[in-house]
2 protein chains.
Amino acid sequence: MNGNSKDMLKLDNQLCFALYACSKEIISLYKPYLNAHGLTYTQYITLLVLWEQDSLSVSELGNKLLLDSGTLTPLLKKLEKSQLIERVRDKDDERIVKVYLTEKGRMLQESFLELPQKMFCNSGIKLEEAINLKAMLNQLLGNIRKL
Amino acid sequence: MNGNSKDMLKLDNQLCFALYACSKEIISLYKPYLNAHGLTYTQYITLLVLWEQDSLSVSELGNKLLLDSGTLTPLLKKLEKSQLIERVRDKDDERIVKVYLTEKGRMLQESFLELPQKMFCNSGIKLEEAINLKAMLNQLLGNIRKL
DNA sequence: TAATATTGCATTGCGTACAATAAGATTGTA
DNA sequence: TACAATCTTATTGTACGCAATGCAATATTA
């Protein structure tokens, strides 16, 4: 990686493309497991958050997932239609819509308990490298979001 | 990061989410620069490939960008409408559509020569870390795509 | 060479992803 | 208590991203 301007415009020299491609390819590894339960990746990570902490508002979910209401509103409506969550407008502050897991939604967690381990194996990466990689990504994410 | 199944289902413990979030956030850093020239990120990386090697077929572009024809066909039509590329069906094999930069498309590269350097600074990451991170991502990508 | 298989692109449909905007509710303050 | 500012969600429009399908062109093979 030298400093030549045109070399740096090569796709293979771009960190951003490596991130973009890796993200898509790893998500594609999840798909067969998620499709088996009728879920998309975005729906899955939304459930991950709710399994960790139930009863969040749309904006709280958005903050954790880095998604805005334009993405979340239709997605949450689909999860509601699948009877995995309920959307309830807050009585005290009617601007807020709170999201609750249904019993069905809560139970669904059981089906995914082994998935992280399975995905880790599929990735063919070493544990130490995965930890290292995630740490670097989180630091990069922190840098960006502080701007 | 211990081995508890429920802990591994926490969003913060998921390498995939770190990739997904990082990818989106870095792409969002590109947007102001790309919008100034009427480009999206996907259109930009398509041009990156063509600046490096002109006259590729749709499938060759797809192999490099890891995108399929359902994504590329409408995107290439937009770039053609902007007069940055031309799409020409191959005379020898009429199944093939070859993509050529126009003079306007070739000249546009000049506007982006400094962008990689600028984005690197914006990311607040150290050079050594960026190199390390990209290497790990490319290795991970290689692992996945060998399956 | 006729039948079959494969290849390469285009189309459709669904689901994000996000900017811009709208609309309703709440809060702060004069 | 008006009322402006802010907050929160919803809607709209544009652009991917990909699976599934269609179809025309080419390659293969019996």
Side-chain angles (χ1 to χ4, degrees), chain A residues 16-17 20-32 34-47 56-63 65-82 85 87-99, chain B residues 16-17 19-32 34-47 56-82 85 87-99:
Chain A
C16 184
F17 178 72
Y20 165 79
C22 244
S23 167
K24 284 194 308 168
E25 293 299 313
I26 289 205
I27 287 174
S28 79
L29 289 186
Y30 277 81
K31 283 183 185 172
L34 300 179
N35 285 346
H37 295 276
L39 292 178
T40 65
Y41 181 73
T42 317
Q43 291 166 8
Y44 170 65
I45 60 177
T46 302
L47 289 174
L56 292 169
S57 69
V58 174
S59 64
E60 287 170 330
L61 275 170
N63 287 337
L65 296 166
L66 309 186
L67 294 171
D68 76 359
S69 69
T71 302
L72 280 175
T73 297
L75 183 150
L76 293 171
K77 286 181 177 177
K78 275 167 215 152
L79 289 178
E80 188 173 40
K81 194 167 284 182
S82 313
I85 64 163
R87 295 160 64 253
V88 181
R89 199 164 284 277
D90 190 296
K91 289 231 167 57
D92 295 332
D93 185 342
E94 295 225 341
R95 293 172 302 182
I96 298 175
V97 170
K98 287 216 170 177
V99 179
Chain B
C16 184
F17 178 72
L19 280 165
Y20 165 79
C22 246
S23 168
K24 285 193 309 167
E25 293 298 313
I26 289 205
I27 287 174
S28 79
L29 290 185
Y30 277 82
K31 284 184 183 169
L34 300 178
N35 285 346
H37 296 276
L39 292 178
T40 64
Y41 181 72
T42 317
Q43 291 167 10
Y44 170 65
I45 59 176
T46 301
L47 289 174
L56 292 169
S57 71
V58 174
S59 64
E60 287 169 329
L61 275 170
N63 287 337
K64 287 175 186 288
L65 295 166
L66 308 186
L67 294 171
D68 76 0
S69 70
T71 302
L72 281 176
T73 296
L75 183 149
L76 292 171
K77 286 182 176 177
K78 277 168 212 152
L79 289 178
E80 189 173 40
K81 194 166 282 181
S82 312
I85 65 163
R87 294 160 64 252
V88 182
R89 200 163 283 275
D90 190 295
K91 289 233 167 56
D92 295 333
D93 185 341
E94 295 225 343
R95 293 172 302 182
I96 298 175
V97 169
K98 287 216 171 178
V99 179

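A note on names: the letters A, B, ... follow the listed sequences, proteins ahead of strands, and every chain is numbered from 1. Every value quoted in this text rests on a predicted model; they were computed, and no experiment measured them.
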If you apply the rule side-chain contact (heavy atoms from CB on, under 4.5 Å), what do you find for A:Leu76 with A:Leu61, and how did you get there? CA-CA 10 Å; A:Leu76 293 171; A:Leu61 275 170; 4.1 Å; yes

Given the rule in the side-chain contact (heavy atoms from CB on, under 4.5 Å) test, do B:Gln43 and B:Leu34 qualify, once you have shown the distances and angles that lead to the verdict? CA-CA 9 Å; B:Gln43 291 167 10; B:Leu34 300 178; over 6 Å; no

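Taking only side-chain nitrogens and oxygens, A:Lys24 never comes nearer than 4.0 Å to OP1 or OP2 of D:dG17. Contact check, B:Tyr20 against C:dA17: a side-chain N or O comes under 4.0 Å of OP1 or OP2. Distances shorter than 4.0 Å separate some side-chain N or O of B:Arg87 from OP1 or OP2 on C:dA10. Of the side-chain N and O atoms in A:Lys31, none sit less than 4.0 angstrom from OP1 or OP2 of C:dG15. When the side-chain nitrogen and oxygen atoms of B:Thr71 are compared with OP1 and OP2 of D:dG17, none of them lie within a distance under 4.0 Å. The side chain of A:Ser59 contributes no N or O atom lying less than 4.0 Å from OP1 or OP2 of D:dT8. Under 4.0 angstrom from either OP1 or OP2 of D:dC16 there lies at least one side-chain N or O belonging to B:Lys78.
Side-chain contact between A:Tyr20 and B:Leu66: absent, with no pair of heavy atoms (C-beta onward) separated by less than 4.5 Å.
When the nearest nucleotides of DNA chain D are assigned to A:Asn35 and A:Ser57 by heavy-atom distance, the more 5′-ward of the two goes with A:Ser57. Comparing A:Tyr41 and A:Glu94 by the nucleotide of DNA chain C whose heavy atom lies nearest to each, the residue mapping closer to the 5' end is A:Tyr41.
Nucleic acid contact for A:Lys98: none, since no nucleic acid atom lies under 4.0 Å from a heavy atom of the residue. Looking at heavy-atom distances under 4.0 Å, A:Ser69 makes contact with a base. Residue A:Leu67 is in sugar-phosphate contact alone, with no base atom involved, counting any heavy-atom pair closer than 4.0 Å across all strands shown. When heavy atoms are screened at a 4.0 angstrom cut-off, B:Thr40 is found touching the sugar-phosphate backbone but no base atom. Contacts of A:Thr42 with the nucleic acid, taken as non-hydrogen atoms under 4.0 Å apart, involve only primed sugar atoms and P, OP1 or OP2. Within the 4.0 angstrom heavy-atom criterion, only backbone atoms of the sugar-phosphate kind lie near A:Leu66; the bases stay farther away. B:Ser28 comes within 4.0 angstrom of no nucleic acid atom, judged by non-hydrogen atoms across all strands. Across all strands, B:Asp92 comes closer than 4.0 Å only to sugar-phosphate atoms, never to a base (heavy-atom distances).
Per the geometry, CD1 belonging to A:Ile96 stands 18 Å off P belonging to D:dT6, to the nearest Å. The CG atom of A:Leu39 sits 15 Å away from the C1' atom of C:dC14 (whole-angstrom rounding). The nearest whole Å value for the distance from the CG atom in A:Asp68 to the C1' atom in D:dT8 is 12 Å. Rounded to an integer number of Å, the gap from A:Asp93 CG to C:dT27 P is 6 Å. Rounded to an integer number of Å, the gap from B:Asp90 CG to C:dC9 P is 9 Å. One atom, CD of B:Gln43, and another, C1' of D:dC16, lie 10 Å apart when rounded to the nearest Å. Rounded to whole Å, the distance from CG on B:Leu76 to P on C:dT11 is 12 Å. Straight-line distance from the CG atom of A:Leu75 to the P atom of C:dC18: 12 Å, rounded to whole Å.
One N or O on the side chain of B:Ser82 and one on the backbone of B:Lys78 form a donor-acceptor pair closer than 3.5 Å.
Separating the CZ atom in A:Phe17 from the CD1 atom in B:Ile27 is a distance of 10.0 Å, to the nearest 0.5 Å.
The base of C:dT7 lies close enough to the side chain of B:Arg95 for a donor and an acceptor atom to sit less than 3.5 Å apart.
Side-chain polar atoms of B:Thr40 and B:Thr42 form no donor-acceptor pair below 3.5 angstrom.
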